[in-house]
Amino acid sequence: MAQNTLLITILGMALVTYLPRFLPAWFLRGRSLPPFFAAWLRYIPAAVLAALLAPSLLVEDRALNLAWNNLYLWAALPCVFIAWKWKTLFGTVLAGMLFVALARLLLN
Amino acid sequence: MSTTSVTDRKGWGNLAPALPVVLGYLPIGFAFGVLAAAAGISPFNAVLMSIIVFAGSAQLMAVGFISQGVGPWSLIAATFIINLRHLLMSASLSPYMQKWRGAQVAAFAFELTDETFGVHSLRFERGDTASGTALLINLVCHTAWVIGSLLGALAGGLIEDVRLFGLDYALPAMFIALLVMQIRGHLYLWVALGAGALSMLIWGVGLTRWNVILAAVIAAAAAAGVETWRKTRS
């Protein structure tokens with residue numbers, strides 16, 4: 001693709017990315033929602049985070065990997081424990097990175 | 001974690017939630033820049049994409065598509081589909097923006113990614129709904145993404161090594177922490193387990209761009225159904 005065509009394409013990508021980010025916030029805020037819809041929105045964060053997380057932990061090189069060599073999966077265990085026990089975002093991130101870095105150092 | 005309440009933290013402390021995102025965005029943005037350069041995308045276009053699209057998975061997909069010679073319309077359509085999940089995130093944060101000005105909502109939405117959504121969903125529920133701090137956190141995260149991309153695009157031929165220091169695990173670990181902190185009852189736990197399982201199932205049958213949005217919609221709707229049903233019975 002020529003750089004000029006690409007430039008126009010990027011503008012199109014920006015538009016179709018922005019609209020779904022913008023329209024719900026713009027039209028839904030300040031509105032009183034039906035109870036079912038309000039409840040649904042309350043469960044969305046947990047649902048979205050879990051739906052994003054599952055493949056990123058269980059899929060390696062486009063295939064399901066539940067074996068001991070899937071570092072991302074096993075590193076999740078100490079992370080879940082630390083997040084649950086101490087409710088710390090940054091502590092969990094540091095522990096996760098440390099676990100992965102050390103495991104690579106020891107296993108290689 | 002500090003014991004001070006969310007209301008009396010001042011200045012830089014407000015930006016602390018952006019730190020894990022920055023740690024994750026710098027190396028991934030760098031990797032995007034390197035891959036973009038390898039795919040023949042000019043540094044200008046690569047950085048432009050990081051500024052005005054600002055969506056990691058779509059940008060990495062775009063690099064793959066461009067190197068395969070996929071045309072503009074297919075690329076735009078695929079970007080739309082892969083980023084449609086932000087509809088849910090925008091809707092779920094909307095109740096907290098009632099008092100914001102229109103321009104603030106528009107600016108916030110521009111920088112609404114999986115990661116900034118995760119951070120704000122927790123902050124907003126805790127009552128940290130001030131628009132200024134939210135926009136500043138987004139700006140810091142976005143800047144890290146752009147700087148990472150720029151360095152990667154300029155480094156070009158150099159070898160990417162996002163695995164250094166376990167930096168590649170910064171974002172997964174952050175998502176784990178955010179998810180765990182979202183679990184405020186049995187129903188939330190079931191939502192998370194259900195959405196995770198559904199996401200894998202939908203991914204497994206080959207709908208790899210739809211798994212997040214479909215799984216989240218269904219799992220959250222099931223929980224909302226159970227909750228409303230319980231209320232009508234009592």
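In what follows, chains are A, B, ... by sequence order, proteins preceding strands, each numbered from 1.
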Report summary line: Here the gap from B/Leu178 atom CG to A/Leu49 atom CG, rounded to the nearest 0.5 Å, amounts to 6.0 Å
Report summary line: Honestly, the part of A/Thr5 sitting under 4.5 Å from a heavy atom of chain B is side chain
Query raised in the report: Between B/Ser92 and A/Leu41, which heavy-atom pair has the shortest distance, and what is it?
Result: CB-O, 3.6 Å
Query raised in the report: Using a cut-off of under 4.5 Å for heavy-atom pairs, which of B/Ser57, B/Ala192, B/Ala170, B/Ala197 has the most such pairs with chain A?
Result: B/Ala170
Query raised in the report: What residue, out of B/Leu48, B/Asn83, B/Leu87, has the most heavy-atom pairs lying under 4.5 Å from chain A?
Result: B/Leu87
Report summary line: Within residues 68-76 of chain A, contacts to chain B at heavy-atom distances under 4.5 Å involve A/Tyr72, A/Ala75, A/Ala76
Query raised in the report: Does any heavy atom of chain A fall under 4.5 Å from the side chain of B/Ala78, the backbone, both, or neither of them?
Result: neither
Report task. Could you grab the distance from atom CE of B/Met181 to atom OG1 of A/Thr88, nearest 0.5 Å is fine? Result -> 6.5 Å
Query raised in the report: Based on non-hydrogen pairs under 4.5 Å, which of B/Val119, B/Leu214, B/Thr79 is most in contact with chain A?
Result: B/Thr79
**Report entry** Audit row: B/Val53, A/Ile10, side-chain contact (heavy atoms from CB on, under 4.5 Å) steps and yes/no
**Finding:** CA-CA 7 Å; B/Val53 180; A/Ile10 292 171; 4.1 Å; yes
Report summary line: Whatever's closer than 4.5 Å to a heavy atom in chain A on B/Trp100 counts as both
Requested in this report: Work out which heavy atom in A/Ala46 is nearest to a heavy atom in B/Leu179; give both atom names and the distance.
Outcome: O-CD1, 3.4 Å
**Report entry** For chain B, the option from A/Gly91, A/Pro55, A/Ala103 that forms the most heavy-atom pairs under 4.5 Å
**Finding:** A/Pro55
Report summary line: Residues pairing under side chain to side chain donor-acceptor pair (under 3.5 Å) where one sits in residues 23-43 of chain A, two or more places apart or in two chains, turn out to be A/Arg42-B/Glu227, A/Tyr43-B/Glu227
Requested in this report: Write out all pairs satisfying salt bridge (Lys or Arg N to Asp or Glu O under 4.0 Å) with one or both partners inside residues 60-85 of chain B, taking only residues at least two apart or from two chains.
Outcome: B/Arg85-B/Asp114
Query raised in the report: Relative to chain A, which segment of B/Phe108 carries a heavy atom at a distance below 4.5 Å: side chain, backbone, both, or neither?
Result: neither
Query raised in the report: Taking A/Val93, A/Leu7, A/Leu33, A/Thr92 one by one, which has the highest count of heavy-atom pairs under 4.5 Å against chain B?
Result: A/Val93
**Report entry** Non-hydrogen atoms of A/Cys79 and B/Tyr169 that approach each other most closely
**Finding:** SG-CE2, 4.0 Å
Query - Per-residue contact mode, B/Met200 against chain A (heavy atom under 4.5 angstrom) - result: side chain
Report task. Determine the minimum heavy-atom distance between A/Arg21 and B/Leu112, stating which atoms define it. Result -> NE-O, 2.7 Å
**Report entry** Leading residue by heavy atom contact count with chain A [cutoff under 4.5 Å; candidates B/Gly118, B/Ala219, B/Gly102]
**Finding:** B/Gly102
Query - B/Gln182 side chain to A/Ala47 backbone, donor-acceptor under 3.5 Å - result: no
Query raised in the report: Heavy atoms under 4.5 Å from chain A: which residues of residues 206-213 of chain B carry them?
Result: B/Asn211, B/Val212
Query - Separation between CD1 of B/Ile76 and CG of A/Leu15, rounded to the nearest 0.5 Å - result: 9.0 Å
Requested in this report: Let me know if A/Tyr18 has heavy atoms under 4.5 Å from chain B in its side chain, its backbone, both or neither.
Outcome: side chain
Report summary line: From the list A/Gly12, A/Pro20, A/Gly30, the residue making the most non-hydrogen contacts under 4.5 Å with chain B is A/Pro20
Query raised in the report: In Å and rounded to the nearest 0.5 Å, what is the CD1 to OG distance from A/Ile44 to B/Ser121?
Result: 11.5 Å
Query - Interatomic spacing from CD1 in B/Ile66 to CG in A/Leu6 - rounded to 0.5 Å - result: 4.5 Å
Report summary line: Honestly, the part of B/Thr228 sitting under 4.5 Å from a heavy atom of chain A is side chain
Requested in this report: Counting only heavy atoms closer than 4.5 Å, note whether B/Val217 contacts chain A via side chain, backbone, both or neither.
Outcome: both
Report summary line: So, the part of A/Ala2 with a heavy atom under 4.5 Å from chain B: the answer is neither
Query raised in the report: Where does B/Thr113 contact chain A at under 4.5 Å (heavy atoms): side chain, backbone, both or neither?
Result: both
Report task. Could you have a look at A/Leu57, A/Val59, A/Leu58, A/Ile8 and say which one has the most heavy-atom pairs with chain B under 4.5 angstrom? Result -> A/Val59
Query raised in the report: What is the minimum heavy-atom distance between A/Met97 and B/Gly166, and which atoms define it?
Result: CG-O, 3.2 Å
Query raised in the report: Do side-chain atoms of B/Ser199 reach the backbone of A/Ala54 as a donor and acceptor pair under 3.5 angstrom?
Result: no
Requested in this report: Name the region of A/Leu102, side chain, backbone, both or neither, that has any atom closer than 4.5 Å to a heavy atom of chain B.
Outcome: neither
Query - Shortest non-hydrogen separation from A/Ala51 to B/Ala215 and the atoms involved - result: CB-CB, 4.0 Å
Query raised in the report: In terms of heavy-atom pairs under 4.5 Å, which option from B/Ala106, B/Ala39, B/Pro95 contacts chain A the most?
Result: B/Ala106
Requested in this report: Output the distance between atom CG (A/Leu23) and atom OG (B/Ser94), rounded to the nearest 0.5 Å.
Outcome: 12.0 Å
**Report entry** Interface moiety of B/Phe44 toward chain A, non-hydrogen atoms closer than 4.5 Å
**Finding:** side chain
Query raised in the report: Taking B/Val180, B/Leu198, B/Ile82, B/Leu193 one by one, which has the highest count of heavy-atom pairs under 4.5 Å against chain A?
Result: B/Val180
